Each structure stands twice: as C-alpha cells, then as structure tokens.
Number of protein chains: 2
Amino acid sequence: MPGRNRVTLREVAEHAQVSVATVSRVLAGNYPVATETRRRVEQSIQALDYVANVHARALAGVAPRTVAFVLPDIRAQAFAHAAQGVEEASAEHGALCLICTTQGDPERERAVFHLLREQRASAVILIGGVIDDEEYCKRITDLSNGLTAADSRLVLCGRPPVDGVPSIEYANEAGAYAVTQHLLSSGHQRILFLGGPTSGPATTTVTDRLAGYRRALGHPGWVQPSDFTRESGYQQLCARLPEDFTAVFAATDLVAAGARTALRSHGLRVPEDVSLVGYDDLDLAEDLGLTTVRVPYEDLGRAAVHLALSSRTEHPVLETSVVVRTSVAHF
Amino acid sequence: MPGRNRVTLREVAEHAQVSVATVSRVLAGNYPVATETRRRVEQSIQALDYVANVHARALAGVAPRTVAFVLPDIRAQAFAHAAQGVEEASAEHGALCLICTTQGDPERERAVFHLLREQRASAVILIGGVIDDEEYCKRITDLSNGLTAADSRLVLCGRPPVDGVPSIEYANEAGAYAVTQHLLSSGHQRILFLGGPTSGPATTTVTDRLAGYRRALGHPGWVQPSDFTRESGYQQLCARLPEDFTAVFAATDLVAAGARTALRSHGLRVPEDVSLVGYDDLDLAEDLGLTTVRVPYEDLGRAAVHLALSSRTEHPVLETSVVVRTSVAHF
DNA sequence: CTGTTAGCGCGTTCAC
DNA sequence: GTGAACGCGCTAACAG
C-alpha cells in the first residue's frame, strides 16, 4: 500500500469509476452523494492512500487558514508560552500555525514577512520588544497595509499599538506600579530599578515598567541599566552594589535571577538583607521564591489569534497581577 | 501604493507591456532578458507591490521546502531549544519551518500528520518521549512510508530508532552512566534514582537513563518513580524522605528542582546533607547550581534538519557531557 | 444525484 | 530575446 503516492483526484476517480467532481464532493462532504457511490469513493481513497494537495486546493479558492507567529527567539520562556497560546488558538480555529524567529535581525524580519506574504498567511502576529519611534510606526503601518491588501491581517502582541493596526497588550505599566506599591507598603524606601538600555534607546517593555515604578514612587527613583539577561542583571547590579537600597526591582525575572546571584556573591541574603522582585512570572520565579508580576503570555497569544481571525480592530489590554512569594521582607 | 493586492503575474505583465513569460523569467532570474525590459518589469513589480503566490508556484512544480517540527509542547525548554536548532537550520537551507504541537495526544498527532502530508512538507521531524513497543514501531513505519511515498522524509529526534527511518539521538544512557560515575567517585554509595513512570510503561528517555545509572552502580539500585515535572519530583521524593541516601539522581532538571524543594522543606541542605544531580542542563540548572548532564538540544534539532534534507539514512548519536556545579558533595 | 468544463496563478516547453 | 499555450491538482458552476 505504500505504493507511489502523489495520487491525484483523477486517479481516485478512475479507481472508483466516477468523475473527479464526485470525489471532490465526498471529500468536501458538503453535497449530496449516493451512499453507495460514497462508499466506493472512500474505499478508493483508502486503497490509494490519497492525500489532497493544499496548493491545488488553495489555488482553486479553498485556502486553509494559516496564522504566523513572528518572534525574536523561541528559547525565551515568555515567548514560548505566547507561542503555545497561539498554537492552541490556531488549532481551535482549524488553522495551521507557522512559527518564525527573527533573532531580532531586521533583515531576517523582512525576509520572513516576504515569505509570509507569499504563503498568503491569513494573519501574522508580531511579538517582541521594540523601540517606539517614527521609524517603527512607519514600518508597522507599511507591513500592515501590505498584509491587508492581501486579505491578511497584522496583529501586534505586547507591543505599542500603531494607528489602524489591531493589537493586544498587557497592563505593563500597571503591573510595575502594583509591584512597586507592594514594596513601598512593605516599608521599603530606597528601591533600585534594575533595567533599561545599557546603551541606545529603550524598548517600550522597559520604559513602561520604569514608568510604573516612577509613578508609584512619585519621583524618578534610582535606575541601573541592564539588558534583559541573567548575565547583565548580575554584572549591572554588581556595579551598583556598594550603595544602600533595601530592595531591587528587576525589569524581568531573568534579570532578577542574575541580581540574586550578584547579591549572594556579595554576602547579601534575599530577603533578609535586600528584597527582590521581578517581572513576568516565569518558572524560575517559583524556584527562586521570587515575588513578581504575572504576565498572562498564553492568553496573550490566544487573544492575538482570536483578534486576528475576527475582523475586529480593537486594542484589548490583559490584566497583570502581583504574585507574592518570599523575596520581599516586611518592615 | 497599498492598492488592492492579489496582484497576479499577468497584471504585472500588462503594466510592463510584456508577456507573463518574461515577467516569470526576470523573477526566476535564470534566463536571459534584455536589460531594458528587465528594468521595466522590475519597476512594475515594485509599483504594483507584486508578491508571488507559493501555491501557484508549487503547483507549477517549484515547491518551496518546508520542514515541520512536531513536538508535544513548546513550553518545555528542552524542546524549545531543539526547535531553535530546527528553525535555524531550516533557514540556512532556505526552508520554511512549521512548528506543530500535539500535547501528547495521539489523536492530535494523527491530525497533524495528515495536515503535513497535505502541505507536502519536505520533511517532518518528530521529538518527544515515547514508549518503545511494537505499536510504536508500526506507527512510525507507517508514517514514514506515507511520507516517503510523497517524496517527503520522516526523521526521529531523540527517540528510539526504527528500522529504515533516519534518526538522530544523543548519548542518553552514557550521560546517565557518567553522572552516576561522578557521584560514585565523589564517595557516594547510596544514590536514589528519582524518575520512571508512576504508572504504566516507561518512555525510552527514562529507561535509558535508568540503565546508565544501573550500569554504573553494578546493581539495580534504588528507584523512586516520578513524572517529568517539578511537582512530581517534589511529591515523590517527599514520599521517600525518611530513608537514608546521600545523593539523588533526578531523571531531569525539572524533577531535580522539585526534589530540591522537597529536600529543603525537610531541613536537608544541598549538597551538605544530600547531593543532587539532574539531566538536560536547562537554565534552571545554573540558577540552582545543579550538577547535571548537558544535552545538546539545539544541535539535535539542527542535525535533524540536515539529515532530513539530505538523503542519508544514518543514525548519528550526539555526545552528552557532565556539567559540574555545586550540588554534589565530595567525601 | 452525477459528469463536464472552465479557471485559480505560475513555470515551461515550444515557436517566432 | 520574447510571446503563446499547455498543464500542475482541485473546486465550483453548469448541464444533464
């Protein structure tokens, strides 16, 4: 039976002694076919191990939905969770899910987008930190227009919205505000914010978190730049360590993990000597007993798909919440 | 310019005052076209924002390569890393990368495979623990035959090889042997293996690791079942905790994380009171200072793609290595 | 109920 | 160098 495949409709038709139209009909199932005929056709399909050709099908007008999820790096847990949401929601809609990584390379991003337009993707969902400037707006607008013209949709995920482009966000600033508030109400006064670009402009992810921190504080506070990596968190906090603060607000859990190591290597305990909070609520937050802000990444991905596959153009904002563990001392 | 898309070759041809054949030629670039003509066509393509239709193209014989990576759950870090490798290698080959998750549901797995055959995927790579029985062999063989018949390829990744199906593995048993040896040579005598099915048959992932443990020990040792989750590691170790062992070999880092929590909640310190090793070398191993076995998941994914896109049918085995950190005490 | 046929958009012989 | 025409596999009218 594993005989030469690439079996076509016609071959099935011949085998079953019917016309191609009839075979097409039993396949689609949306048209009356005599029970006896149907059975014969189904047998032939089985016997020949026939599998329809999407390309021919698409060309003939029945395009299977495809949603593409474009992200910088699937190894980042937050993105992986979002991807999971996208995958599940796509499956629910009977859509195929394409996952493309760009490694943050604009060149590669362009290539990916071109590929996706060629694929006639029903929707493309974009996630990953960005710098919110005019260049960004223009680029997104162009992308969106290109996609829209091809009956597709661009949906922004956890990114600053752009006029006319549907997007789904989470309450980023509010989460930062809440966790800072948590620190303040625990009696902390001097709270260091660990995050922000070590060089160049900042992504909105961190500027929003910083804004929340400052709103809660009521003043600019103390900021130590750090990239969104464990390593950078470690090094940047070390650079600041002689100073006296009673708590550190790391821009992400990963940074918090690095900060924790830095603290420890300086003989400082968490939370006895210094309190620590993070952001994202990754698995490691649980390992570390880290108080952090939970971001519903899976829901974010799921919502993005729903938005993409509907024709709505709203900008929902998902809630974030503080998850209290054991990394904050109360005075 | 964002005017109605779905621009076809013909429209470009009309715009450029040439025939469709000519446009097709400048697009392919593999045929002589007068410089002047070529320029005109290129301008028209730009002006109309023309994007080729893969489906039509595929139907006409120029199929873009597509490699599909089928895995249980993208949230598992090990799989995410493998996916990264697959993605990168696919990109290098100019192939599109499809990522499909099955949630371990056989039903969903079938659906995914059907979808992939419809898509005429050039190759499909399968990862995720399995029970190595006759049913498995038969299923894989059928899948492989179906794919082969359609000019596609099935590649097994980190799974027990099946006759005639190319696969790529890592030295699973050897890694377990090595890390157990490391424990033994550090003076440990009573080492508990934490892993294996809490019910039903075991996947080869864990049976191989258990085999390595036993080979190093020279006898059956002590085994406490545990699923591959943090939670299970915690509970299953707690169930065993009154006993006296000086070290725990957790079947995965995740299990080790759970085990560590269990140890701590019983007032036992790592490594002073009990030593602990894991398997996989996920990020959390670094956070926890966990001595573990490094599995080159990204290379695994990369190698799978190379194997899939070549016509070789070998069974390479990637090396594993012990990463020594601070979770093992030396006597 | 079932068969015939005209495209879907593109690559590719063939002639010119 | 360039154009006209056929076919890839399938769906959707349109006839019977």
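Here is how names work: the chains are called A, B, and so on, in the same order as the sequence lines, proteins then strands, and each is numbered from 1. Predicted, not measured: the structure shown is a model, and the values here were computed from it. Computed from heavy atoms alone, side chains included, the values below leave out hydrogens, waters and symmetry copies.
Straight-line distance from the CD1 atom of B:I45 to the C1' atom of C:dC10: 13 Å, rounded to whole Å. One atom, CZ of A:R6, and another, P of D:dC8, lie 13 Å apart when rounded to the nearest Å. Rounding to whole angstrom units, CG of residue B:N53 and P of D:dC8 are separated by 18 Å. Rounding to whole angstrom units, CG of residue B:L59 and C1' of C:dG7 are separated by 12 Å. Between the CG atom of A:L9 and the P atom of C:dT4 there is a distance of 15 Å, given to the nearest Å. Going from atom CG of B:N30 over to atom C1' of D:dG1 covers 15 Å, rounded to whole Å. What separates CD of B:Q17 from C1' of D:dG3 is a distance of 14 Å, to the nearest Å. Note: OH (A:Y50) to P (D:dG9) measures 10 Å, nearest angstrom.
Note on B:A58: nothing from the nucleic acid sits closer than 4.0 angstrom, heavy atoms only. Among the protein residues, A:A28 comes within range of no part of the nucleic acid, since none of its heavy atoms lies under 4.0 Å from any strand. Within the nucleic acid shown, B:A21 comes within 4.0 Å of at least one base atom, counting heavy atoms only. When heavy atoms are screened at a 4.0 angstrom cut-off, A:T22 is found touching the sugar-phosphate backbone but no base atom.
Taking a cutoff of 4.0 Å between a charged side-chain nitrogen and a carboxylate oxygen, B:E109 and B:R139 qualify as a salt bridge. A salt bridge is absent between A:E135 and A:K138: the closest approach of a Lys/Arg side-chain nitrogen to an acidic carboxylate oxygen does not fall below 4.0 angstrom. Under a 4.0 Å N-O distance rule, the pair B:D49/A:R117 qualifies as a salt bridge. Under a 4.0 Å N-O distance rule, the pair A:R25/A:E42 does not qualify as a salt bridge.
Residues B:A60 and B:V18 each lie close to DNA chain D; by heavy-atom proximity, the contact nearer the 5' end of the strand is made by B:V18. Across the interface with DNA chain D, nearest-nucleotide mapping of A:S24 and A:Y31 shows A:S24 to be the residue nearer the 5′ end. Closest-nucleotide positions on DNA chain C for A:V20 and A:P32 were compared, and the one nearer the 5' end corresponds to A:P32.
A tilted orientation is assigned to the rings of A:H55 and B:H55, their planes being inclined by 30° to 60°.
Nearest nucleotide to the side chain of B:A34, out of D:dG1, C:dC8, D:dT11: D:dG1. Nearest nucleotide to the A:T8 side chain, out of D:dC10, C:dC8, D:dC8: D:dC10. You'll find that the side chain of A:R25 is closest to C:dG3, out of C:dG3, C:dT12, D:dG9. Distance from the side chain of A:V33 is smallest to C:dT2 among C:dC10, C:dT2, D:dC10.
The phosphate of D:dT11 (OP1 or OP2) has a side-chain N or O of A:R57 nearer than 4.0 angstrom.
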